[in-house]
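For the numbers below, each heavy atom of this structure counts, side chains included, while hydrogens, waters and symmetry mates do not. On a predicted model such as this, the values are computed, not experimentally measured, just so you know.
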Protein chains: 2
Amino acid sequence: MNSTRKLIRHERLQHILHDNPFMTDEQLAKTLKVSVQTIRLDRVALGIPELRERTRDMAEGAQSKLRAIDKKDIVGELIDLELNKVGISTLKITPDMVLEKTGVARGHYMFAMADTLALAVVDAQTALTGVANVKYKVPVYAGANLVAKAEVTNRRDDKYFICVRIKNNNEEVFRAKFIVVSLDDERKQAE
Amino acid sequence: MNSTRKLIRHERLQHILHDNPFMTDEQLAKTLKVSVQTIRLDRVALGIPELRERTRDMAEGAQSKLRAIDKKDIVGELIDLELNKVGISTLKITPDMVLEKTGVARGHYMFAMADTLALAVVDAQTALTGVANVKYKVPVYAGANLVAKAEVTNRRDDKYFICVRIKNNNEEVFRAKFIVVSLDDERKQAE
DNA sequence: CAGATATTATGAGCTGGTACTAAAAGCAGG
DNA sequence: CCTGCTTTTAGTACCAGCTCATAATATCTG
């Protein structure tokens, strides 16, 4: 068959674009030693959009990626928040969060979830975790939908005492107590 | 002065493009109710590249961003390890690990560093964190080179008591006590 | 050799611009 | 009011990097 060459070229084309998505048809034509028109036909056959569209797709993906990183301020998704009282967030455990050997979720994801929620609950410009008391009760596996609930149990001056419980299917899998220190000077003086 | 209008427009232009970088000059002209040429002049004056270039810049930035996320999985670098006795690891705090507001490193990076080191020290096929007791002593800022030292202080059956201290320039910034449970046998996790 | 498939060539048209020239509009001072 | 200045708008030529359509050539295959 003549078309084996074509198939090979298609493979190579996809490979090349995977490694370097910013190549024009002209550059591709040179590296694959065919005409520009052939490249265009190949792209159409493979459903590969033109350079500009590829670039735009990546840039748009970048935006959501950047937002995702921003949102990591709260590890998990903030569902409900009553400042200085309670906060609720959720987090889905994905396969990349678990230890390979055991399939059990790495502990610091739960810690991070609880820690960030605790900080979010505190109504202060800047807050820092001072002390934490953590207990893992039940191992969590990939696919679990965790729900964290943080409650401010006490407050003394600039210190907030916060209790966070994480549940998976109504079973408490994690519990932590945090002491969060507010660094909001104005607030301290105002009260 | 007539040029106040221009300055205001420049401000608005930058704002608009910050929120939505994917606008053509034509769209910008409509939203700002001026001609396309004016927009072009404004872009030149402000050093803002054309749409395609902006898009490409973002797409390129996206690639390095993705790599950065991959690397985050390694929480610290293991320097020394004596199984069931001590372990030492290092971690450099990069600007993306700090809270924007304060510039202070997010607490769970230290926690994750300590947690993974504690688990590494335990000579067991599979180990899980059961309980943690954490204290943040000094805020850490970007650029800090943290050194964590984990010591097994006690051992009872399948439970390891581990103390982890993290120092920055010989100053102790973080301390945690973990109870790690080995799952070598069929034992269930800590209670 | 005919016929199918693959490749190349050619040209018109599109988007979103740059670069340059020039004209019109807006305002200020003498 | 006219003169000079900045600002804004308009218009033209040109470019990259395509799409779409149409046609010619090359290559293989039975």
Side-chain angles (χ1 to χ4, degrees), chain A residues 1-70, chain B residues 1-70:
Chain A
M1 275 283 215
N2 190 15
S3 66
T4 49
R5 283 201 313 172
K6 187 152 109 173
L7 289 175
I8 291 169
R9 197 179 56 236
H10 282 192
E11 291 265 334
R12 286 191 62 195
L13 184 62
Q14 287 177 311
H15 240 91
I16 290 168
L17 281 180
H18 179 82
D19 294 343
N20 183 0
F22 301 109
M23 284 182 84
T24 65
D25 288 357
E26 210 165 340
Q27 293 172 309
L28 290 167
K30 263 183 199 164
T31 50
L32 289 177
K33 296 190 201 297
V34 289
S35 71
V36 177
Q37 285 72 9
T38 305
I39 295 293
R40 315 255 223 238
L41 285 173
D42 288 352
R43 273 201 300 99
V44 171
L46 295 169
I48 299 170
E50 64 168 292
L51 166 63
R52 285 161 184 165
E53 206 169 324
R54 294 196 300 269
T55 317
R56 206 179 55 224
D57 291 349
M58 293 187 63
E60 276 166 7
Q63 278 215 318
S64 51
K65 222 72 180 186
L66 289 175
R67 274 180 216 132
I69 292 166
D70 284 346
Chain B
M1 277 286 215
N2 191 12
S3 66
T4 49
R5 283 199 315 173
K6 186 153 108 174
L7 289 175
I8 290 168
R9 199 181 53 237
H10 282 192
E11 291 264 337
R12 285 190 62 195
L13 183 62
Q14 287 177 312
H15 242 88
I16 291 168
L17 281 179
H18 179 82
D19 294 345
N20 184 0
F22 301 109
M23 283 183 85
T24 64
D25 289 356
E26 210 165 341
Q27 293 173 309
L28 290 167
K30 262 183 199 164
T31 50
L32 289 177
K33 296 190 202 298
V34 288
S35 71
V36 176
Q37 285 74 8
T38 304
I39 295 293
R40 314 256 223 238
L41 286 173
D42 288 353
R43 273 201 302 101
V44 170
L46 295 170
I48 298 170
E50 62 168 293
L51 166 64
R52 284 159 185 164
E53 206 169 323
R54 294 197 300 268
T55 317
R56 207 178 53 225
D57 291 348
M58 295 189 61
E60 278 166 6
Q63 285 207 317
S64 51
K65 220 69 175 191
L66 288 175
R67 275 178 218 131
I69 292 168
D70 284 347

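Closest to the A:Asp25 side chain, of the nucleotides D:dT8, C:dG17, D:dC18, is D:dC18.
Counting only distance, with no hydrogens or angles, the side chain of B:Arg54 and the backbone of B:Phe22 share no donor-acceptor pair below 3.5 Å. A:Glu60 contributes no side-chain N or O that, together with a main-chain N or O of A:Asp57, makes up a donor-acceptor pair within less than 3.5 Å.
Following rounding to the nearest Å, A:Lys6 (NZ) and D:dT29 (P) show an atom-to-atom distance of 14 Å. Distance CG (B:Leu32) to P (D:dT8): 11 Å, rounded to an integer number of Å. We find that CG of B:Leu28 is positioned 12 Å from P of C:dG16, with the value rounded to whole Å. A straight line from NE2 of A:His10 to P of C:dT5 spans 15 Å, rounded to a whole angstrom. If you take NZ of B:Lys30 and P of D:dT9, they are 15 Å apart, rounded to a whole angstrom. Rounded to an integer number of Å, the gap from CZ of A:Arg54 to C1' of D:dC18 is 11 Å. Rounding to whole angstrom units, NZ of residue A:Lys33 and C1' of C:dT8 are separated by 17 Å. One can place CG of B:Leu51 at 15 Å from P of D:dG17, the figure rounded to the nearest angstrom.
For A:Val36, the side chain to side chain contact (heavy atoms under 4.5 Å, CB included) partners are A:Asp25, A:Glu26, A:Ala29, A:Arg40, not counting sequence neighbours. With sequence neighbours excluded, no residue forms a side-chain hydrogen bond (donor to acceptor under 3.5 Å, both in side chains) with A:Thr31. Listed by chain and residue number, A:Glu50, B:Arg52 satisfy the side chain to side chain contact (heavy atoms under 4.5 Å, CB included) test with A:Arg52 (two or more places apart in sequence, or in another chain). A search for side chain to side chain contact (heavy atoms under 4.5 Å, CB included) contacts involving A:Leu46 returns A:His10, A:Leu13, A:Gln14, A:Ile48, not counting sequence neighbours. Take A:Gln37 and apply the side chain to side chain contact (heavy atoms under 4.5 Å, CB included) test, not counting sequence neighbours, and it matches A:Ser35.
Contacts of A:Arg9 with the nucleic acid, taken as non-hydrogen atoms under 4.0 Å apart, involve only primed sugar atoms and P, OP1 or OP2. Contacts of A:Val34 with the nucleic acid, taken as non-hydrogen atoms under 4.0 Å apart, involve only primed sugar atoms and P, OP1 or OP2.
The stretch residues 7-18 of chain B participates, sequence neighbours left out, in these salt bridge (charged side-chain N to carboxylate O under 4.0 Å, His left out) pairs: B:Arg9-B:Asp42.
The side-chain heavy atoms of A:His15 and A:His18, taken from C-beta on, include no pair separated by under 4.5 Å.
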Output a table of nitrogen or oxygen pairs between the protein and nucleotides 13-15 of chain C separated by less than 3.5 Å.
residue	atom	partner	partner atom	Å
C:dT15	O2	B:Arg52	NH2	2.7

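A heavy atom lying under 4.0 Å from DNA chain D marks the following residues of residues 37-45 of chain B, by number: B:Gln37, B:Thr38, B:Leu41.
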